[in-house]
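Beneath this line is the structure, given in structure tokens, with notes to follow.
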Protein chains: 2
Amino acid sequence: MEILKQNQLKITPQRLAVMKYLDENRTHPTADRIYTDLKEKNPSLSKTTVYNSLDTLQNHNIIQSITISPSELRYDFKKSMHHHFLCKRCGDIIDIELECPNIKKTIDQGHKVEEVHGYFKGICKKCMEKQEK
Amino acid sequence: MEILKQNQLKITPQRLAVMKYLDENRTHPTADRIYTDLKEKNPSLSKTTVYNSLDTLQNHNIIQSITISPSELRYDFKKSMHHHFLCKRCGDIIDIELECPNIKKTIDQGHKVEEVHGYFKGICKKCMEKQEK
DNA sequence: TGTTAAATTGTAATGAGTATAAATTGGAAA
DNA sequence: TTTCCAATTTATACTCATTACAATTTAACA
């Protein structure tokens, strides 16, 4: 964990807590969810600090933000390229592992591609099965 | 224009104005931009009406909302499947025409896919050329 | 250990979008 | 055409995620 911090960033308990949380909760949580959960063990935690930490980590490409649902950002450890599936019923976000062969087309048009986001929306497997019962 | 309205929706000048605006401005505008621009010719227009109209049109699959930039929705006429490119420099959103061969994979995992959104972010061609000068 | 720039905190502000209730209006029926 | 009512518009107030700011604290280097 602290190894990751050797990216010219100060090692603070707050940042470690945020990283630990994201590592243990692969649910693409919102900033507020992170704040609320961490607040329990660390009552002096400020919401601004969570936002600051997330911003900093994102700027150093350690985590990424996901703009899949309107009005709130979701956060995620940066992993190999993958897409996301948002269930309209339960709100869960599921990782979809696949590579996108279409990036080349965009580059060919003269744009410089820095980020690729693929979002699917619908009803997830779990909810579909629940419905059938 | 009015032909589209034969979707069980009342024909109001406000809705027509919003549709006309989206038809003439293929720039994926925000609700606020639409409101501000339409307000000039129609001072009695309410911001709520713009949101209502956009919601209604979206529910009838005439337009779609794009969740590409955090904290604001962008609106677009519903066309054939295409992806979007957001320029981090000028903020423009550009349509990328392509088909995504990866949807099948998600369906195969048992999820029901209702919407597909592909977002690329980077620097657009125009800004890249400006930079080189 | 002392110093300082960087980070944290708490509070206040911003701004997109929503809720609500009263006033208006489209459009079908008389 | 006129009447009528449900749908729509309007204005205002509100919510809530995120940001701004200023004062306090702290990590990490000498």
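Computed from a predicted structure; not experimentally measured.
Note that the two end axes of the helix from C:dT1-D:dA30 to C:dA30-D:dT1 enclose an angle of 30°, each drawn from 5 base pairs, rounded to 10 degrees.
In this structure, B:N59 atom CG and D:dA7 atom P are separated by 15 Å, rounded to whole Å. Here the P atom of nucleotide D:dT18 and the CZ atom of A:R74 are 10 Å apart, to the nearest Å. Remark: P of D:dT18 and CZ of A:R33 are 14 Å apart, rounded to the nearest angstrom. Atoms CG (B:L73) and C1' (D:dA17) sit 13 Å apart, rounded to a whole Å.
Counting non-hydrogen atoms of neighbouring residues, nucleotides and ligands closer than 6.0 angstrom, the NZ atom of A:K121 exceeds 12 such neighbours. Heavy-atom contacts from other residues, nucleotides or ligands closer than 6.0 Å to NZ of B:K104 number 12 or fewer.
Near-neighbour residues of DNA chain D inside residues 36-57 of chain A, defined by a heavy atom below 4.0 Å, number-ordered: A:K47, A:T48, A:Y51.
Close to D:dT10, at under 4.0 Å from its OP1 or OP2, lies a side-chain N or O of B:Q14.
You can see that DNA chain C meets the heavy atoms of chain A within a 4.0 Å-exclusive cut from C:dA5 to C:dT11, reading 5' to 3'.
Atom-to-atom distance recorded for A:S46:OG and A:Q14:CD is 9.5 Å, nearest 0.5 angstrom.
Side-chain atoms of B:K105 come within 3.5 Å of backbone N or O of A:E97 as a donor-acceptor pair.
A salt bridge does not link A:D95 with A:R26: none of the charged nitrogens is closer than 4.0 Å to a carboxylate oxygen. Using a 4.0 Å cut-off between a side-chain N of Lys or Arg and a carboxylate O of Asp or Glu, A:D92 and A:K126 qualify as a salt bridge.
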Close N or O pairs between protein and nucleotides 28-30 of chain D (under 3.5 Å):
| residue | atom | partner | partner atom | Å |
| --- | --- | --- | --- | --- |
| D:dA28 | OP1 | A:I11 | N | 2.8 |

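Taking both residues in full, the closest heavy atoms of A:L22 and A:Y75 are given as CD2-O, 3.9 Å, listed atom of the first, atom of the second, then distance. Considering all non-hydrogen atoms of both residues, A:K39 and A:L45 come closest at NZ-O, 3.0 Å. When every heavy atom of A:L9 is checked against every heavy atom of A:R15, the shortest pair comes out as CB-NH1, 3.8 Å.
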Side-chain polar contacts of residues 67-74 of chain B - donor-acceptor pairs under 3.5 angstrom, sequence neighbours left out - could you list them?
| residue | atom | partner | partner atom | Å |
| --- | --- | --- | --- | --- |
| B:E72 | OE2 | B:R74 | NE | 3.4 |
| B:R74 | NH1 | B:H28 | O | 2.8 |
| B:R74 | NH2 | B:G91 | O | 3.3 |

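Both B:P13 and B:S71 sit near DNA chain D, but only B:P13 has its closest nucleotide nearer the 5' end.
Classified by interplanar angle (parallel below 30°, tilted 30° to 60°, perpendicular above 60°), the ring pair B:H84/B:H82 is perpendicular.
The side-chain hydrogen bond (donor to acceptor under 3.5 Å, both in side chains) test applied to A:N42 returns A:S44, not counting sequence neighbours.
Side chain to side chain, A:S65 and A:Q58 meet the donor-acceptor criterion of an N or O pair below 3.5 Å.
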